[in-house]
Amino acid sequence: MSSISLRLLIFAVIAATPLKAQLISYESFSDMPLGNVAGTGSDSSGWLDSGWSNAISGYYQCVDPTPDLTYQFTNSSRFINGGNRALRVTTAPEPTSGTHRAFRTISAQNTTLHASFLVRAEAVGSGTDAVEFNVGDAAGAVGRVVLTPNLDGTGMHCALIAPNGFSWGAGPLLPVGQTTHVVLRLARTSATLYKTQYWVNGVLSSAFDIDIPVASNAVLSRVLVSSSSADTGGPASTVSIDEIRVGYTYNDVLPAAPPPEEVPSVQIEPAMRIRWVSEANKSYQPQKSYNLTSWSNFGSARSGNGAPLEFFDSVDDSKAFYRV
């Protein structure tokens, strides 16, 4: 046994304060009244227009989804909780008269943009049903994420589609009732080209890049959702969309990571260390006494394993004795 001066310090975990997301615009619908989506909602920000333009229609409604749209990132403590409002987009009644669309305007951007949103398929239609989320300008879409029904009715396919309508495959299947997180990236590569990519639940879903030709130095100025269908009397498609974020980088459109848990500092000084070599399959009970007559167990019994065992006890002004 030996008397030592032991300083045991457990410092609080201090992580660098994460940079605030550089959001250009954000909409959660949480304060928007139920019904038509013409209002701004007090939580919407970064939009130049007064509301969702051209949206006084039954094809677009602010609803209280059940359950709320919530997404937990895989192997992460990050999550998005959409709250008690969402934008419901439907193709009913069918057929639709042209394409029904609603959009919000952002400040003109001539650079790389990322846009993210939560989406959940509520009902799966058939045939020509399509629900689209895109970022572009007043002349049309530059980046297009389109949801189309799976033939067996189990979900909606999420695909990246060029403005001319050409698509590479059906894209990942989003099962009915499951909330999905989608990120669309539009990277300015030249005065007349944007390169588009998209992620579904954190996975880059396109093994290729789509080059989108645009007018010289065209700017991105709006976010749009639309629904269309040429079916006559067939089942309609309905999706809920929430947490629309637009920013410059991928991390800008993700929720901030929760702060690390703070551990209070602990200091013990000085201390007594009792250390002995143990034998396997034997049990050892440390004891403590202040008079060498009355002994009390100190801690619980320890199982030997052939290696040294030890314990510590704080030291005060009292004389103490230890044994094992």
Side-chain angles (χ1 to χ4, degrees), residues 21 23 25-30 60-91 102 113-126 129-135 141 143-161 167-186 196-207 210 223-227 236-247 250-257:
L23 285 177
S25 60
Y26 169 70
E27 176 71 88
S28 75
F29 303 97
S30 64
Y60 301 90
Q61 295 287 303
C62 182
V63 300
D64 187 353
T66 305
D68 298 338
L69 274 68
T70 300
Y71 178 73
Q72 177 78 43
F73 289 87
T74 304
N75 299 323
S76 171
S77 57
R78 287 186 178 186
F79 71 94
I80 304 177
N81 184 356
N84 64 345
R85 293 288 190 271
L87 175 64
R88 178 133 321 151
V89 186
T90 182
T91 64
L113 286 187
H114 290 71
S116 72
F117 59 98
L118 295 180
V119 60
R120 183 170 67 211
E122 308 287 2
V124 179
S126 60
D129 290 1
V131 174
E132 178 175 322
F133 177 95
N134 73 53
V135 177
R144 300 175 61 193
V145 175
V146 180
L147 306 176
T148 54
N150 193 36
L151 294 179
D152 63 7
T154 57
M156 303 282 282
H157 288 285
C158 180
L160 189 64
I161 298 182
S167 172
W168 284 263
L173 180 67
L174 313 185
V176 174
Q178 176 178 301
T179 300
T180 300
H181 184 251
V182 179
V183 178
L184 171 65
R185 178 175 185 263
L186 299 93
T196 62
Q197 297 172 295
Y198 76 129
W199 288 258
V200 175
N201 292 340
V203 177
L204 184 62
S205 297
S206 174
I210 302 177
V223 175
L224 181 147
V225 288
S226 67
S227 68
S237 297
T238 302
V239 305
S240 293
I241 294 175
D242 204 352
E243 291 292 313
I244 299 174
R245 303 165 187 248
V246 182
Y250 186 92
N251 284 330
D252 285 346
V253 296
L254 297 183

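Keep in mind that this is a model prediction, so the values were computed, not measured.
Rounded to the nearest 0.5 Å, atoms CD (Gln178) and CG (Asn201) are 6.5 Å apart. Atoms CG and CG, from Leu118 and Asp68 in turn, are 11.0 Å apart once rounded to the nearest 0.5 Å. Rounding to the nearest 0.5 Å gives a distance of 12.5 Å between NE2 of His114 and CG of Leu23. Here the OH-CG distance, from Tyr198 to Leu204, works out to 9.0 Å after rounding to the nearest 0.5 Å. Atoms CD1 and CD, on Ile80 and Gln72 in that order, are 10.0 Å from each other to the nearest 0.5 Å. With rounding to the nearest 0.5 angstrom, the CZ atom of Arg245 is 10.5 Å from the CG atom of Asp252.
Taking 4.5 Å as the limit, every side-chain heavy atom of Met156 sits out of range of all side-chain heavy atoms of Asn150. Residues Val223 and Phe133 are in side-chain contact: their nearest non-hydrogen atoms beyond the backbone lie under 4.5 Å apart. A 4.5 Å side-chain heavy-atom check between Glu243 and Phe29 finds every atom pair outside the cut-off. Looking at heavy atoms from C-beta onward, Phe73 lies in side-chain contact with Pro255 at the 4.5 angstrom threshold. Side-chain contact check for Val145 versus Cys158: some heavy-atom pair is nearer than 4.5 Å. When side chains are defined from C-beta on, His157 does not count as touching Pro172, because their heavy atoms never get closer than 4.5 Å. Using a 4.5 Å heavy-atom cutoff, the side chains of Val124 and Asp152 are not in contact. By the 4.5 Å heavy-atom criterion applied to side chains, Val63 and Glu122 are not counted as neighbours.
Across Val253 and Gly247, no two heavy atoms sit closer than the pair CG1-N, 3.4 Å. The minimum heavy-atom distance linking Glu132 with Ala141 is given by the pair OE2-CB, 4.3 Å. Residues Asn84 and Pro65 share a closest heavy-atom pair of O-CD, 3.9 Å. Here the shortest heavy-atom pairing between Ser30 and Arg85 reads O-CG, 3.5 Å. The heavy-atom pair separating Val119 from Leu147 by the smallest distance is CG2-CD1, 3.6 Å. Residues Ala121 and Pro175 approach most closely at CB-O, 4.4 Å, considering heavy atoms.
Taking the six-membered ring where the residue is Trp, His181 and Tyr71 present parallel rings, their angle staying beneath 30° rather than reaching 60°.
Remark: Phe79 CZ is loosely packed, at most 12 non-hydrogen atoms of other residues, nucleotides or ligands lying under 6.0 Å away.
The only option from Leu87, Thr91, Val89 that meets the side chain to side chain contact (heavy atoms under 4.5 Å, CB included) definition with Val239 turns out to be Val89.
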Pair Arg185-Gln197, side-chain hydrogen bond (donor to acceptor under 3.5 Å, both in side chains): steps then yes or no: CA-CA 5 Å; Arg185 178 175 185 263; Gln197 297 172 295; 3.1 Å; yes
Please evaluate residues Asn134 and Ile161 with respect to the criterion side chain to side chain contact (heavy atoms under 4.5 Å, CB included), reporting the C-alpha separation (whole Å), side-chain torsions for both, the decisive distance (0.1 Å), and the verdict. CA-CA 10 Å; Asn134 73 53; Ile161 298 182; over 6 Å; no
Worked check of side chain to side chain contact (heavy atoms under 4.5 Å, CB included) between Leu173 and Thr154: CA-CA 9 Å; Leu173 180 67; Thr154 57; 3.7 Å; yes
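A donor-acceptor distance shorter than 3.5 angstrom exists from the side chain of Asp129 to the backbone of Ser237, with no hydrogens or angles considered. In this structure, the side chain of Arg120 does not engage the main chain of Asp242 through any donor-acceptor pair within 3.5 Å.
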